[in-house]
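Working notes, beginning with the structure itself.
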Amino acid sequence: MKEDTLIVTAGRSPEDNYGIVNPPVYHASTVLFPTVAELERSQQERLNNNTVYYGRYGTPTTFAFQNAIANLDGGYRAVALPSGQSAVLASLMAFLKSGDHILVVDSAYGPTRALCNGLLARYGITTTYYDPLIGPKIEVLIRPETKVIFTESPGSQTFEVQDIPAISEVAKKNDCVVILDNTWATSLFFRPFDHGVDVCIQAATKYIVGHSDAMLGVVTANEEYFDLLQKTALDLGAPAGPDDLYLGQRGLRTLRVRLDRHMSTGLELAMWLESQPIVKKVLHPGLPSNLGHSIWQRDFRGSSGLFGVVLQPTNKHAIAAMLDHMELFKMGYSWGGYESLIIPTSPSGQRTATNWDPSHPTLRIHAGLEDPEDLQKDLEDGLQRLENASGC
Ligand SMILES: Cc1ncc(COP(=O)(O)O)c(C=O)c1O
């Protein structure tokens, strides 16, 4: 089946549900068994796909979502978690123990860093951050106790594209698990398992849910690593909620058309912004001016709507003059919904392995599904206010 058909059909089984198109929302803790034999069988098979045993182990609502994502990712099986952050936590806890060492990309999502520097450090796990553009040279950072290489490509603030195939090759030679946070690209724009990734995380909160109204995470693993991942997720005892799972599987059905639009609008705005004098650089892997663009061209099948803008030096007051009065680009955390967003970012405060020049303010833009011309006009007016206030 082609991907665009898969995205519409994966995880659905109307024949098991009175012909109703979408998988129903099962709210469940207790599941009843008619006989001792059935109860025991279910207990033994509770980790199998689609076994309904007890609410925390998943219901048909959970399986519909997990099966669809595993299918689209091209992995073995997936586990759903209640947020992207809990998906990061489960993935790290699964493959690390006290005394281990992990390599984490310097451009990783802030709370992933906080998790490594806080909780993991308290449990005796040491982190080394590495340059996102390190490629195969990552080998020099590997120690005997290095167990995991954590990647996020592109990073969701500075948008460097990592050479995942090269890193995976080194990881395989050194018995390290490669974990990728693939939230930016989703399975549609980056096929993790084709590039040597072992464990793929998505904050489904973003593009998969797509409507900014649910928190959801999902991790797909290859066959070698799935059991440990599943066991850890169950030990953490935090299943994804049924209504959020439902919204995740529903969002999937339109992911392709939404992503295509996020891509075209994002690129259009990025190219226009690149020509503006007050803009120093646009951080978008789809632009030839970006480091990592050739790797993106080689490995990715598209770009989503999230990118960064580095401005010429200005002041806080001017940034506020721009952002406080935007008509369509609203300020708020997260991204991947239908709506456009803009926030000031501060990458320099979040890096240790590489330098980021703090004298140039940066913005992060999410290109939503509004009309691209309206969005450009909103940015144009905003940049005008920024310029006017810059001299003050
Ligand atoms: C790249 C990335 N990974 C993970 C997460 C965490 O997802 P959630 O907010 O669902 O916990 C985020 C959230 O912004 C993110 O941007």
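It should be emphasised that the depicted structure is a prediction, and the values quoted were computed from it without experimental measurement. Position 1 is the first residue of the sequence, and the numbers go up from there. Counting starts at 1 for both ligands and their atoms, in listed order.
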Enumerate, one pair per line, all nitrogen or oxygen atoms of ligand 1 lying under 3.5 Å from a protein nitrogen or oxygen, stating the separation to 0.1 Å; write 'none' if no such pair exists.
from: ligand 1; atom 1: 3 (N); to: D181; atom 2: OD2; distance (Å): 2.6
from: ligand 1; atom 1: 10 (O); to: G84; atom 2: N; distance (Å): 2.8
from: ligand 1; atom 1: 10 (O); to: T205; atom 2: OG1; distance (Å): 2.5
from: ligand 1; atom 1: 11 (O); to: G84; atom 2: N; distance (Å): 3.2
from: ligand 1; atom 1: 11 (O); to: Q85; atom 2: N; distance (Å): 2.8
from: ligand 1; atom 1: 14 (O); to: Y109; atom 2: OH; distance (Å): 3.4
from: ligand 1; atom 1: 14 (O); to: K206; atom 2: NZ; distance (Å): 2.7
from: ligand 1; atom 1: 16 (O); to: W335; atom 2: NE1; distance (Å): 3.3

Residue pairs meeting salt bridge (Lys or Arg N to Asp or Glu O under 4.0 Å), one or both in residues 263-286, sequence neighbours left out, come to none

*Please check if any side-chain donor atom of E370 sits under 3.5 Å from a side-chain acceptor atom of S340, or the reverse.*
yes

Tell me whether the guanidinium CZ or amine NZ of R364 lies under 6.0 angstrom from the six-membered ring centre of F307 and within 45° of its axis. no

Across all chains, not counting sequence neighbours, the salt bridge (charged side-chain N to carboxylate O under 4.0 Å, His left out) partners of D213 are none

Under a plain distance cut-off of 3.5 Å, with no hydrogens placed, do D131 and T354 share a side-chain donor-acceptor pair? no

So the ring-ring contact (aromatic ring centres under 6.0 Å, His included) pairs with at least one residue in residues 217-264 (sequence neighbours excluded) are Y76-F226, F95-Y225, Y207-H262, H262-H366

